[in-house]
Amino acid sequence: MDGDNKTFSSDFTLTGLFTHSKASGFLFSILCVIFFMALMANGFMIFLIYRDSRLHTPMYFLLRQLSFIDMLYISTIVPKMLVDYLLGKGTISFMACTAQFFLYMGFVGAEFFLLGLMAYDRYVAICSPLTYTVLMSHRVCWVILASSWFGGALDSFILTPITMSLPFCASHKINHFFCEAPTMLRLACGDKVIYEMVMYICCVMMLLIPFSVVTASYTQILITVHQMKSVEGKKKAFATCSSHMTVVTLFYGAALYTYMLPQSYHTPIKDKIFSAFYTILTPLLNPLIYSLRNRDVTGAFKRVLASCRGACGVTREEF
């Protein structure tokens with residue numbers, strides 16, 4: 001009993017994303033740039049949507065929430081990595097690991113559901129444009145947002161106590177850069193059948209259900225677009241959906257590898273690469289994809305710049 005209790009209270013050691021080598025300083029600098037650019041890009045996207053009244057639509061309401069979630073979950077992982085590198089150690093307490101696991105699962109779970117439900121918005125906009133204001137009312141948008149947060153919270157509240165109650169008697173060295181579920185499972189000993197079954201069910205809910213919504217929505221969208229006679233209408237429809245599909249492909253693709261493939265297909269190096277892709281790079285890519293490939297966002301950006309220049313001009317004249 002004393003030995004078992006010790007496994008629940010002792011610290012873990014994170015190996016990190018990169019070791020202290022000649023290239024580690026360069027990689028550390030890149031990670032810093034990515035982190036701060038992700039925060040600024042998502043923060044600016046939130047400000048832009050709030051500032052421009054033309055973006056006060058259901059699509060951009062959901063996009064603003066997506067940027068907010070991206071800022072939250074990248075902040076649960078990267079700051080710890082940067083501090084560990086500067087201090088030259090990767091120690092994380094059991095409580096801190098539990099908190100990171102809980103927050104990460106909640107935020108990422110919320111994004112999975114939100115991305116899936118955003119496909120419904122695109123489906124209504126293209127397949128039922130005349131009833132868009134009714135089917136995507138202000139109330140429906142808040143229901144979508146609440147459902148996303150509820151799904152993420154449910155996943156977090158189920159998996160966290162089960163994962164962190166496992167006996168970690170084999171090793172306390174986490175060959176990863178944060179406390180992620182598959183990696184924590186490899187550290188555990190004893191009977192893990194029940195945990196693996198619960199984790200699989202949660203992953204089915206978190207991944208396959210939203211993915212099914214995306215698949216069903218875009219199947220109907222493709223059918224509707226194919227039936228359009230206007231070439232301009234087809235181009236507009238594809239432009240509207242391409243940004244969301246790009247984000248979904250990048251995010252879901254890496255996550256499907258992490259949570260749905262059997263443990264025999266996993267290696268520490270692959271886990272780090274795929275996890276870094278959807279936890280660090282995706283929060284940076286999301287606002288860039290939506291801004292660079294969206295005329296409404298680029299137009300709003302130009303209007304904000306014009307208003308700022310106008311305000312500066314007035315200030316100078318008054319001065």
Whether the side chain of [X] engages the backbone of [Y] through a donor-acceptor N/O pair (distance < 3.5 Å, no angle test) should be reported.
X	Y	value
His176	Thr15	no
Ser156	Leu103	no
Asn42	Pro283	yes

Measuring from [X]:[atom1] to [Y]:[atom2], what's the distance to the nearest 0.5 Å?
X	Y	atom1	atom2	result
Phe251	Leu281	CZ	CG	12.0 Å
Asn286	Leu66	CG	CG	5.0 Å
Cys179	Met164	SG	CE	6.0 Å

Are side-chain heavy atoms of [X] and [Y] found at a separation under 4.5 Å?
X	Y	answer
Leu114	Leu62	yes
Cys97	Met184	yes
Tyr85	Leu17	no
Tyr218	Arg122	yes
Leu82	Leu31	yes
Phe177	Asp84	no
Val297	Met45	yes

Requested in this report: Please identify each residue that fulfils ring-ring contact (aromatic ring centres under 6.0 Å, His included) with Phe157, with sequence neighbours left out.
Outcome: Phe102
Can you name the nearest heavy-atom pair linking [X] to [Y], along with the distance?
X	Y	value
Ile174	Leu187	CG1-CD1, 3.4 Å
Phe101	Glu180	CE1-C, 4.1 Å
Phe112	Pro210	O-CB, 3.4 Å
Leu135	Ser128	CD1-CB, 4.3 Å
Pro58	Asp121	CB-OD1, 3.9 Å
Ser275	Phe178	CB-CE2, 4.1 Å

Is the number of heavy atoms from other residues, nucleotides or ligands under 6.0 Å of [X] [atom1] greater than 12?
X	atom1	result
Tyr123	OH	no
Phe211	CZ	no
Phe68	CZ	no
Ile223	CD1	yes

Query raised in the report: Between Arg186 and Asp271, does at least one N-O distance fall below 4.0 Å, as a salt bridge requires?
Result: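 Salt bridge between Arg186 and Asp271, a charged N being under 4.0 Å from a carboxylate O: yes.
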Query - Leu130 reachable from Met136 in the ILVMFWY side-chain graph, under 4.5 Å edges - result: no
Query raised in the report: For the residue pair Trp149 and Phe107, does the interplanar ring angle fall in the parallel (under 30°), tilted (30 to 60°) or perpendicular (over 60°) class?
Result: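 Aromatic pair Trp149/Phe107 classed perpendicular.
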Requested in this report: Could you tell me whether Phe168 and Phe12 have their ring centroids closer than 6.0 angstrom?
Outcome: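 Ring centres of Phe12 and Phe168 closer than 6.0 Å.
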